[in-house]
Every structure is written in structure tokens, then in C-alpha cells.
Number of protein chains: 2
Amino acid sequence: MGDISEKVESAIKLLRKEGLRITEQRKAILNVLAHADTPLSAEENHVNLTTEQCDLVTVYRCLEQFVKKGIVEMGVRENGTKVYWLGHGDGTGHHHHLTCRKCGRAERVDLCVGSELEKIAHGYGYTKITHVMEAFGLCPICR
Amino acid sequence: MGDISEKVESAIKLLRKEGLRITEQRKAILNVLAHADTPLSAEENHVNLTTEQCDLVTVYRCLEQFVKKGIVEMGVRENGTKVYWLGHGDGTGHHHHLTCRKCGRAERVDLCVGSELEKIAHGYGYTKITHVMEAFGLCPICR
DNA sequence: ATGAGTGCAAATAGTTTGCAAGCTG
DNA sequence: CAGCTTGCAAACTATTTGCACTCAT
């Protein structure tokens, strides 16, 4: 719990640092992300807001901003839905997920090709590299 | 060119092996994939069919089947659009892409976490693992 | 001839955009 | 008080589904 409010606090600090305004809606959205143990879609984030704290459109817009500023990381589900989770704003703790195709449970996967990818990409002359990598499977319970 | 019709031939052989029927539409869709040098969305595949060879819905349905049978591989764009490219049906030649965010040009990236991922996933008790991994950047021309 | 495959129309999911009003710094 | 941020309505893109018809095997 203390861990969670700490995560929210540090995310809010990042908002400030990045010149984004601190609103109730943004705090609420970050709070939901901090409580989630799996990546969340915009819609899922929205339904988890207690008592309609903001519009779904606002969730989309905020998440987009957060990603742009590196406060939140983005991935995709097998069906193309975008999902979001709290980052650290500094690249630390960058990770991916292994998500159960059936129940949605996700495990953190500390496995990343980021650095090799950068090398290859620069070799081709590409810049501003980002990557999406998500794994899917059937968890032991759903199997 | 010979290379391309060869690719189509071998994909058609796989269709047969997997018990899927060979139709003009399916041949046309595979042909488009064989000519493409970047992953294609269903819509892009459809517009590349010469003279309205089939309905867009059919493209969606065929691509889905092909992926299920391992004849075609699937990835996602940053915006969640699904994209497809010809696989080898046997896991050989599995690869990923580095796609230019601006012009859509793509480079093949022979870099894959497949095996490490399998290991980690099995450790968690997950089975039937798949993964999506795509990289994006700005190519030297668009930069 | 049987059921896989197709086309057309319509529904759905996820996301984006325009604009006027509200609130933060 | 300037302009970033939000809400509401509406548009839009990508994809899926239902159903009757067609064609490969």
C-alpha cells in the first residue's frame, strides 16, 4: 500500500517535471495504474476509476500524454488493443509481460531486446526507436 | 520473381497440408503477401489485389486462418493495426521488423527472444506461448 | 453432395476529433 | 488570465458476425 502511493507520488512528480498539469483526473488515472498488477486498456482503466472520476476520452488523452513523456509505457494485446502500465520515467524498470490469453492474468517478464535493437536500428540509420513486445499464453489455471 | 512464385507455391502446399481449401481468393492474398517487402495490414493486402479479386472480409478471414495454421505470421503496428507477412510454416525464418513510423518502410530484424521467452513462460507454468514484437523508428530518409 | 469458403450488410470495439466550457499554474 | 485540460457528441478505423449462396474436394 505504501508502495502504491509511493508509485503515484513519483509519477506525479514526473508530471510536474514534464510540465503537465496536475488534475484530479490524472491523479485518479495514475492511481488505477499503480494498483493494477497487469497492463490495462484505456477502457479498463476507466471502469476502475471510483465513481466516474472522469470521461473515457480523458483517459485516452491522458494516457497518450503520459506515454509521450515516458511516465507510462504502452504495449498491445494480441487483438490490437493498446495497454498501459506505469513506467519509471527514466528507463529503469523497463519490462514486458506474459499475459494469459484466457483470464488476462499477467506476469512481468524481465527480458528485453532494447539494446540489441538500438544497435541494429542505428546500423540501418533509423532513429527514435521504440518497440512493442508482448507475450501471450495459457496460464496454469486456465490450461 | 521466380523466388516469389516459389514462395506462393510453398504456401499453397502448406494450405493443402493443413486441410484448407485452395481458392482463387486465397491464392491472390498469398500472392500479395509474397510480393510485399513489408508487413501488410488486411486493408493494404486488399487494395493490392488486382481488380477486386475478393472482399475485404474474406481477406480478414483468410489471414486469420493462415495465422492459425502457421502459414502467415502476425504483428501489430504502434497504433494497434494488425499486420501480416509470409512465414515458412515450420518456424524457420521467423523474424521481426523495424518499421518507419513515417513512410512505413520496414527492415527485417533477425533478433528474437522466442527461446528465452519459452523458458521463462514454462517456468511460470504457461503453455501455448506466442509473442508479438515490432520495432518502430524514423528511417534515414524520413528523418 | 457436403461442408468449407465467400460476399454483402450490418454490428461492434477501440480510438480520435471538434468545440465550448472549466480549471491549473 | 492564458492556455492546458476536460466533457460531450460525433466521427472514424479496424475488425467481427449473421446469413444465404457458391464452389472445392
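In this text, all values refer to a predicted model and were calculated from it rather than measured experimentally. Here is how names work: the chains are called A, B, and so on, in the same order as the sequence lines, proteins then strands, and each is numbered from 1.
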From [options], nucleotide with atom closest to [X] side chain:
| X | options | answer |
| --- | --- | --- |
| T58(A) | dC8(C), dT6(D), dT16(C) | dT6(D) |
| Y60(A) | dT15(C), dG5(C), dA14(D) | dT15(C) |
| A42(B) | dT15(D), dT5(D), dG7(C) | dT15(D) |

Requested in this report: Give a yes or no on whether V76(B) and M133(A) share a hydrophobic cluster (residues Ile, Leu, Val, Met, Phe, Trp, Tyr; joining criterion: side-chain heavy atoms under 4.5 Å apart).
Outcome: no
Given [N], is OP1 or OP2 found less than 4.0 Å from the side-chain N or O atoms of [X]?
| X | N | value |
| --- | --- | --- |
| Q53(A) | dT6(D) | no |
| T23(A) | dT6(D) | yes |
| S41(B) | dA14(D) | no |

Atom [atom1] of [X] to atom [atom2] of [N]: distance rounded to whole Å?
| X | N | atom1 | atom2 | value |
| --- | --- | --- | --- | --- |
| I12(B) | dA24(D) | CD1 | P | 13 Å |
| L56(A) | dA13(C) | CG | P | 13 Å |
| E43(B) | dT13(D) | CD | P | 9 Å |
| D55(A) | dG14(C) | CG | P | 16 Å |
| R26(B) | dC23(D) | CZ | P | 15 Å |
| L49(A) | dG7(D) | CG | P | 10 Å |
| L15(B) | dG5(C) | CG | C1' | 12 Å |
| I29(B) | dG5(C) | CD1 | P | 12 Å |

Any side-chain to backbone donor/acceptor pair from R26(A) onto R21(A)? Under 3.5 Å, distance only. yes
request  = For the pair R101(A) (side chain) and K128(B) (backbone), establish whether a donor and an acceptor sit closer than 3.5 Å, ignoring hydrogens and angles.
outcome  = yes
So which atom in [X] and which in [Y] form the shortest heavy-atom distance, rounded to 0.1 Å?
| X | Y | answer |
| --- | --- | --- |
| I29(A) | L49(A) | N-CD2, 3.9 Å |
| E43(B) | L56(B) | CA-CD1, 3.9 Å |
| C112(B) | H96(B) | SG-NE2, 3.5 Å |

| query | Parallel, tilted or perpendicular: which fits the ring planes of W85(A) and H95(A), with parallel below 30° and perpendicular above 60°? | reply | tilted
Within residues 62-85 of chain B, those residues having any heavy atom closer than 4.0 Å to DNA chain C are C62(B), Q65(B)
Terminal axes of the helix from dA1(C)-dT25(D) to dG25(C)-dC1(D) (5 end pairs apiece), angle rounded to 10 degrees, sit apart by 50°
Under 4.0 angstrom, heavy atoms only, what part of the nucleic acid is R61(B) near: base, sugar-phosphate, or nothing?
base
Point to revise | Derivation of the salt bridge (Lys or Arg N to Asp or Glu O under 4.0 Å) call for R77(A) and E44(A) | key: CA-CA 13 Å; R77(A) 297 240 172 91; E44(A) 289 158 356; 3.0 Å; yes
field: Working for salt bridge (Lys or Arg N to Asp or Glu O under 4.0 Å), residues K27(B) and E24(B)
entry: CA-CA 5 Å; K27(B) 283 195 272 185; E24(B) 286 311 309; 3.4 Å; yes
So ring pair (Phe, Tyr, Trp, His ring centres under 6.0 Å) across residues 44-83 of chain A, not counting sequence neighbours, yields none
